[in-house]
Amino acid sequence: RYYEEKIMVWVITVLLTYNIPVSMHTEYNLITFDDDQACHAYIEDNKVELIDSMLEKFNTDDGPKLKSFKFYCETKYLEEV
């Protein structure tokens, strides 16, 4: 029987709240972390860069108005290559 190994990593996710009754989650997939402490430390150390890139991508004039956001660290399972 074939067994596929999965690797657990942590990724930054962002909860985006708009001025409509729907919220959205998105992943910041540019970097992964081996543990949640490293993920939280990265958010703390790079908050301005993360906020700037998130606002540039999701706070556009042609869509719903972004009302607030929150960064989280969540686990994700990757296929081992």
Side-chain angles (χ1 to χ4, degrees):
R1 190 166 128 170
Y2 177 73
Y3 176 73
E4 231 174 76
E5 191 72 26
K6 296 197 181 219
I7 300 170
M8 184 172 73
V9 296
W10 278 258
V11 295
I12 298 171
T13 58
V14 185
L15 174 63
L16 303 164
T17 305
Y18 292 93
N19 64 346
I20 57 175
V22 177
S23 294
M24 182 177 98
H25 276 92
T26 187
E27 288 183 3
Y28 185 81
N29 287 320
L30 300 178
I31 188 169
T32 60
F33 306 91
D34 293 332
D35 58 57
D36 63 333
Q37 291 89 4
C39 181
H40 286 287
Y42 184 88
I43 291 172
E44 188 62 33
D45 294 342
N46 298 281
K47 197 170 276 189
V48 171
E49 179 184 328
L50 289 168
I51 290 170
D52 283 348
S53 69
M54 192 267 317
L55 288 175
E56 183 179 329
K57 185 172 183 177
F58 296 106
N59 196 27
T60 61
D61 292 333
D62 59 345
K65 179 84 171 133
L66 184 63
K67 189 173 163 183
S68 77
F69 58 89
K70 181 159 173 92
F71 293 107
Y72 294 93
C73 292
E74 294 184 343
T75 55
K76 183 175 185 177
Y77 291 89
L78 305 175
E79 303 291 327
E80 188 171 40
V81 181

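Given the structure is predicted, the values throughout are model-derived calculations rather than measurements.
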Hey, what do you get for [atom1] ([X]) to [atom2] ([Y]), rounding to the nearest 0.5 Å?
| X | Y | atom1 | atom2 | answer |
| --- | --- | --- | --- | --- |
| Tyr42 | Ile31 | OH | CD1 | 5.0 Å |
| Thr13 | Met24 | OG1 | CE | 11.5 Å |
| Leu55 | Thr60 | CG | OG1 | 11.0 Å |
| Phe69 | Leu50 | CZ | CG | 9.5 Å |
| Asn19 | Leu66 | CG | CG | 9.0 Å |
| Lys76 | Glu27 | NZ | CD | 4.0 Å |

*asked:* When you group the ILVMFWY residues by side-chain heavy-atom contacts below 4.5 Å and let the links chain together, are Ile20 and Leu15 in the same group?
replied: no

_Same apolar cluster (I L V M F W Y, side chains within < 4.5 Å links), Phe58/Val14_ = yes

*Check Cys73 against Asp36 and note the closest heavy-atom contact, atom names and distance.*
SG-O, 4.4 Å

*asked:* Please find the pair of heavy atoms, one from Pro64 and one from Tyr18, that lie closest to each other, and give the distance.
replied: O-CD2, 3.5 Å

*Counting only heavy atoms not in Asp34, do more than 12 fall under 6.0 Å of its CG?*
no

*Any side-chain heavy atom of Met8 within less than 4.5 Å of one from Tyr77?*
yes

*Flag the pair Leu16 / Met54 as yes when at least one side-chain heavy-atom distance between them is below 4.5 Å, and no otherwise.*
yes

*Under the side chain to side chain contact (heavy atoms under 4.5 Å, CB included) test, residues paired with Lys47 that sit two or more places apart*: Ile43, Glu44, Ile51

